[in-house]
Amino acid sequence: MASLKEEVLSRRTFAIISHPDAGKTTLTEKLLLFGGAIRDAGTVKGKKTGKYATSDWMDIEKQRGISVTSSVMQFQYDDYRVNILDTPGHQDFSEDTYRTLMAVDSAVMIVDAAKGIEAQTIKLFKVCRMRGIPIFTFINKLDRQAKLPLELLAELEEVLGIESYPMNWPIGMGKEFFGIYDRFNQRIEQFRVENEEDRFLPLNEDGELAVDHEITKSALYDQTLEEIMLLEEAGNEFSKERIANGTLTPVFFGSALTNFGVQTFLETYLQFAPPPQPRNSDKGEIDPVSEQFSGFIFKIQANMNPAHRDRIAFFRICSGKFERGMNITLTRTGKSSKVSQSTQFLADDRSTVNEAVSGDIIGLYDTGTYQIGDTLVGEKPLFQYEKLPQFTPELFVKVAAKNVMKQKSFHKGIQQLVQEGAIQLYKTLRTEDYILGAVGQLQFEVFEHRMKSEYNSEVVMEPMGSKIARWIENEQDVKESLSNSRSLLVKDRYDRLVFLFENEFALRWFSDKNEHLKLYNIME
Ligand code: G4P
């Protein structure tokens with residue numbers, strides 16, 4: 001039997017971040033295949049085949065054939081227990097996507113080699129950066145014509161502001177793609193081979209091929225050696241510490257679709273990705289290998305199984321061991337309860353979990369007790385993990401009950417969904433009209449759907465478009481007369497004042513005119 005410490009140290013919990021279509025689903029599938037968690041590729045997502053992935057629980061997901069919420073997949077690879085937290089692969093992602101990044105210890109960023117760094121990647125990257133977690137980059141689709149690798153590295157630095165260390169380097173691309181020069185494992189990995197035994201060609205001490213091969217006579221090979229030399233001389237140095245604190249990203253090249261470079265990536269990643277890390281609480285840092293069971297809820301999902309109308313709280317274990325039937329206490333209320341029903345998440349099944357340790361994600365059945373950010377502990381003393389950050393919404397709608405006679409269920413639904421963290425609520429100052437804020441359009445659709453199906457309340461929503469929300473440090477200096485359609489003054493659910501600006505221009509104009517007001521963005 002492995003000790004708790006050994007169990008915890010074997011965990012690798014990460015999320016894959018990318019812009020839609022970069023290849024996240026394809027890569028996830030390949031990783032799961034290596035881990036033996038699924039048998040056939042194509043089980044993770046069936047958006048184009050009509051088959052639905054098990055992660056697409058909610059009705060709305062089925063209607064649109066997309067995954068609204070993040071699911072969790074676990075597999076064993078060598079001595080590692082890997083947890084992949086999926087993030088929605090649609091353009092309309094939501095706060096759930098961001099919150100999932102609070103529950104991981106590292107992130108894998110996929111970049112489409114032909115497209116470079118794209119909008120959604122930038123947003124997700126920023127959240128990872130804020131947490132200072134290690135970020136590993138997989139540059140995908142090398143089997144196609146793509147941007148030059150040096151250009152891609154420059155983009156990482158210029159657009160994302162992160163330095164990089166290429167663990168391997170492509171030899172050609174597209175039709176000419178020969179493979180990767182693996183700096184880390186000192187070998188060349190061939191893209192096209194007839195026999196699997198020929199896949200790897202060793203390098204000698206000078207970094208040149210140690211065996212006879214046609215490729216050494218090509219200009220492509222010479223060019224690769226030149227580029228490698230350039231990287232050795234002018235590139236960043238490899239640094240385990242800088243990878244660990246998220247200031248240096250190791251870069252891997254490959255092709256998820258053809259399953260090229262994926263295993264090499266996985267094996268190297270597992271060596272450098274951190275096991276569960278200590279987390280801050282109001283009682284100081286909590287060690288993941290300490291005996292006391294604890295963790296926090298980062299997401300609540302309702303109606304995963306419409307037949308049961310259940311809600312599931314996604315819980316990240318941060319210390320100790322979970323055993324089914326154990327007593328846990330909710331720090332916020334001090335109430336204890338016995339956990340008899342818990343769920344482990346897998347790509348193709350939701351199965352009951354009996355035991356889990358720090359780093360793992362479990363699903364707890366919820367009857368309305370939990371809120372996002374709640375800490376649960378095993379035996380006392382109680383403590384509270386650091387609050388989850390709030391994310392600045394970008395899209396807004398006005399919302400009201402369709403049937404004025406049904407105000408009660410409307411208010412109840414809104415209060416609960418806001419508390420659950422499904423959406424953010426604002427009110428206009430005098431009229432107290434409701435305004436909803438979200439990170440992605442889909443949150444509104446999910447909101448509308450759930451109001452109807454769970455609270456029997458039909459809503460009317462009037463889009464206000466995208467806005468830039470800014471809070472005010474010196475609220476006492478704000479005059480209501482500053483509010484107009486270009487800079488609308490509202491209150492958030494904690495009664496803090498917020499200006500909703502029409503666009504960057506309106507924000508700048510306002511800031512110039514009102515220099516005495518200290519505006520801030522909640523995310524920074
Ligand atoms: P996502 O989850 O990030 O949105 O991306 P997904 O894996 O669905 O991949 C998006 C498209 O890119 C898919 O093609 C997929 O087959 C393709 N793709 C992924 N990895 C590679 C790669 O290494 N090389 C090449 N050439 N293509 C890759 P699609 O045509 O949109 O979908 P499908 O018809 O193949 O399902």
Side-chain angles (χ1 to χ4, degrees), residues 14-34 37-38 40-56 61 64-73 84-94 96-97 100-101 107-125 128 135-147 149 152 168-180 189-193 251-266 269 347 440-442:
F14 68 96
I16 304 185
I17 61 172
S18 67
H19 194 81
D21 278 344
K24 180 163 61 67
T25 312
T26 313
L27 183 75
T28 307
E29 250 167 32
K30 295 296 181 312
L31 295 176
L32 292 176
L33 280 168
F34 284 126
I38 54 170
D40 313 305
T43 31
V44 174
K45 178 182 70 177
K47 73 175 175 189
K48 284 158 198 147
T49 58
K51 265 200 307 184
Y52 292 108
T54 337
S55 58
D56 296 352
E61 295 182 304
R64 295 184 46 158
I66 48 173
S67 177
V68 179
T69 43
S70 321
S71 58
V72 182
M73 292 154 268
I84 307 181
L85 276 61
D86 190 22
T87 48
H90 193 265
Q91 211 130 14
D92 287 334
F93 69 121
S94 67
D96 270 352
T97 319
T100 296
L101 299 176
V108 171
M109 174 167 74
I110 307 186
V111 175
D112 182 327
K115 296 196 179 134
I117 312 292
E118 299 173 86
Q120 189 159 316
T121 315
I122 300 174
K123 288 186 181 184
L124 294 165
F125 173 86
C128 295
I135 300 164
F136 295 73
T137 305
F138 186 85
I139 298 188
N140 191 25
K141 308 197 187 181
L142 263 294
D143 57 313
R144 287 214 190 135
Q145 205 54 37
K147 291 189 179 183
L152 288 161
N168 54 44
W169 196 249
I171 308 170
M173 61 173 76
K175 287 200 179 72
E176 287 204 315
F177 188 40
F178 179 80
I180 47 178
E189 185 169 347
Q190 294 192 77
F191 180 52
R192 296 181 185 85
V193 284
V251 176
F252 301 79
F253 290 86
S255 162
L257 186 67
T258 57
N259 203 0
F260 178 76
V262 178
Q263 194 161 11
T264 300
F265 162 73
L266 175 65
Y269 167 77
Q441 174 66 26
L442 205 57

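Heavy atoms only: backbone and side chains are in, while hydrogens, waters and symmetry mates are out. Read the numbers this way: they start at 1 and go in the same order the structure lists the ligands and their atoms.
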Going by the order shown, which atoms of ligand 1 are within less than 4.0 Å of some heavy atom of [X]?
| X | value |
| --- | --- |
| S255 | 22 (C), 23 (O), 24 (N) |
| K24 | 1 (P), 2 (O), 3 (O), 5 (O), 7 (O) |
| D21 | 1 (P), 3 (O), 4 (O), 5 (O), 10 (C), 12 (O) |
| T26 | 6 (P), 7 (O), 9 (O), 15 (C), 19 (C) |
| R144 | 26 (N), 27 (N) |
| P20 | 4 (O) |

Indicate, as side chain, backbone, both or neither, the part of [X] found under 4.0 angstrom from ligand 1 when only non-hydrogen atoms are considered.
| X | answer |
| --- | --- |
| D143 | side chain |
| K141 | both |
| L257 | both |

Point to revise | Neighbour count above 12 (heavy atom, 6.0 Å) for E176 CD | key: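 Not buried by this count: 12 neighbours or fewer within 6.0 Å.
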
**Study point:** Backbone or side-chain N or O of G254 under 3.5 Å from ligand 1 N or O
**Key:**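 No - when backbone and side-chain N and O of G254 are compared with those of ligand 1, no distance drops under 3.5 Å.
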
Practice item. Using distance alone, decide if ligand 1 has a nitrogen or oxygen within less than 3.5 Å of any nitrogen or oxygen in A256. Key: yes

Non-hydrogen side-chain atoms of [X] and [Y] separated by less than 4.5 Å:
| X | Y | result |
| --- | --- | --- |
| S255 | K141 | no |
| P149 | M173 | yes |
| V111 | F253 | no |

Review point. For ligand 1, is T258 a contact, meaning one of its heavy atoms is under 4.0 Å away?
Key: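 Checking ligand 1 against T258, which is what was asked, there is no heavy-atom contact under 4.0 Å.
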
Review point. Mind checking what makes side chain to side chain contact (heavy atoms under 4.5 Å, CB included) contact with A113, not counting sequence neighbours?
Key: I139, L142, A146, L152

Review point. Are any side-chain N or O atoms of R192 and backbone N or O atoms of F177, one a donor and one an acceptor, separated by less than 3.5 Å?
Key: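 Here the side-chain-to-backbone pair exists.
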
Review point. Any sub-3.5 Å donor-acceptor pair from N168's side-chain atoms to F252's backbone N or O?
Key: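 No; zero donor-acceptor contacts below 3.5 Å.
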
Point to revise | Close aromatic pair by centroid cut-off 6.0 Å: Y269 and F14 | key: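 Centroid separation for Y269 and F14: below 6.0 Å.
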
